[in-house]
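One structure below.
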Amino acid sequence: MATTPATEGEAAGGRYDAVIVGAGFAGLYQLHLLRDRLGLSVRVLEAADGVGGTWYWNRYPGARCDSESYYYSYAFSRELEAEWAWSERYPAHGEIRRYLDHVADRFGLRPDIQLGTRVTGAAYDAAAGLWTVTTEGGERFEAPFLITAVGCLSSANVPTIPGLDDFAGSWFHTGRWPQDGIDFTGKRVGLIGTGSTGIQAAPVIAEQAAHLTVFQRTANYSVPARNGPMDDAFRAWVRDNAAENRAKARASTNGHPFDVAVHGALDVSPEERAAIYEAAWQRGGLRFRAAFKDILLDPEANATASDFIRAKIREVVTDPATADALTPRDHPFATKRPPIDSGYFETFNRANVSLVDLKATPIERIVPEGVRTAAGTHALDILVFATGFDALTGPLLALDIRGRDGLPLKAVWAEGPRTYLGLGVPGFPNLFTITGPGSPSVLTNMPVAIEQHAEWIADCIAHLRARGLGRIEARPEVSAAWGEQVRAAAAATLLPMASSSWYLGANVPGKPRAFMPYAGGMNRYREICDGVARDGYAGFALA
Ligand code: N01
């Protein structure tokens, strides 16, 4: 179907076969599949002025991926894989942007991507069988299919702390970092938040700032990343084992190409266990979780990992009171998304870094000079919010999506997200949500989950077109049953034990509490989705 260009003087827009919202990993690949495999006319609408999605915005100091570069990348093209050489074990934000820019150029995607275009609404007209997508600039796009590729962690969560408007210095959220960066030289910097982001940012800010004050609400576990340059031998290993590594990632529970240990933590002697943890600590990275098969399944097994990390914190941090405040006690290791770091705990041994334990001395308000806690005022020039995101549902609800009869997604999800497979929502025909709530998404290495969804969606649309069908919609009863499967999968693990986790929506005041991602494993999930497709899209109504 050809694009209808806007006539002069009118807002632009047009009619397409599909509109995709977002030009990160998900939007780029979905465009490639729909346009180049299926021959559809597609418009990608992207709020940012460049491609890259979450990596466009997250440019804070120290921002780099926690998955290793050789598998935090697309697997769909052997040529792409062969021609791209990563420079470090974990890719930094700039290198991931360069990679995605390369992908956009290599596959000729740019002509179909409209940058600087924020979607403000999407409404389904059942009679016409069309989605109308509206933008901040007043454009209207129509298409039978609407695909969201908006990411899971893209809606910044800036907490409402009284007095922020009075702050005389400047403040930033890490997920909306200024393009040109921030010069911390000679500045007194406050950093609120000690999740993956704060833990990455603190050591880098501390190196530049006159003083860094870290405001910690919940002490966190962290394992060293052990980042470093990719050497030639490792690069050769990656090249020679590419197919095997990709197959392993596809078959794994979490999209990582490494093996989970066959032993439980209590199956080995204390000495063996200590040696296994020490080796995992020295190797570094998220793989630490795989040191034993039951770290996320058995509280006693988990306690051995939690205790090991607590002991490491006491070993690294020289001031005992600071070490004590940094020691996590209120949740088992990895029940909140575990960070990995480059010198986080060591940072607290620097003379220019101090820790404020907000559990002991909560923030009262922000004042013009800085942050006032129960113990006094911390004078600051710059305040950095590493306070996370309105995860999974936030980016979707921000689009103001309305389904049949004007039904707002916000109303349907008032008590928590309801989806089928995290891909479709009853009442919202022909809407596909890539890595939506109810899919494995954030519990996996994201590109693996994204490729699976984008391919499933492309196959589904091809199936409909081949049969002269124009509509697919999740049935309400399967959505309810899937919600139960999502709940049960989480309940079979220790994940729900972290009551303040963003997996549960607990970090955003007023957000309904529900464990949002599917914790049953990426491999199991892939089988379920394949089975649904094989059975003629069972659970969906096709017309
Ligand atoms: O956000 P978070 P994040 N007052 O929500 C604190 C991914 N990621 O941006 O724990 C004071 O984890 C909050 O405290 P508490 C990764 O999946 C990936 O760090 O709620 N503090 C917590 O310490 C990660 O999990 C990479 O008590 C407040 C922190 O802010 C996800 O993004 C890199 C507060 C928020 O931690 C989110 O990580 C970085 C308040 N009012 C991130 N509100 C990769 O490398 C919140 N906090 C792939």
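Both ligands and their constituent atoms are indexed starting at 1 by order of listing. Owing to the predicted nature of the structure, the values given are computational and were not obtained by experimental measurement.
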Check: Taking atom types as modelled, is there a side-chain donor on Arg246 or Ser73 under 3.5 Å from an acceptor on the other?
Finding: yes

Margin query: Please report the interatomic distance CG(Asn245) to CD(Glu81), rounded to the nearest 0.5 Å.
Written below: 8.5 Å

Margin query: Would Arg59 pass as a cation-pi partner of Tyr56, given that its NZ or CZ must be under 6.0 Å from the six-membered ring centre and within 45 degrees of the axis?
Written below: yes

Margin query: Tell me if the aromatic rings of Tyr60 and Phe385 count as close, with their centers under 6.0 Å from one another.
Written below: no

Next item on the list: At a heavy-atom distance under 4.0 Å, which protein residues reach ligand 1? Sort them by chain and number, would you?
Entry: Tyr60, Arg64, Cys65, Asp66, Leu153, Pro159, Ile192, Gly193, Thr194, Gly195, Ser196, Thr197, Gln200, Arg217, Thr218, Lys336, Arg337, Leu358, Ala386, Thr387, Gly388, Phe389, Trp502

Check: Can you list the residues that meet the side chain to side chain donor-acceptor pair (under 3.5 Å) rule with Thr304, with sequence neighbours excluded?
Finding: Tyr277

Item checked: Exercise: do Ser354 and His211 side chains pair donor with acceptor under 3.5 Å -> yes

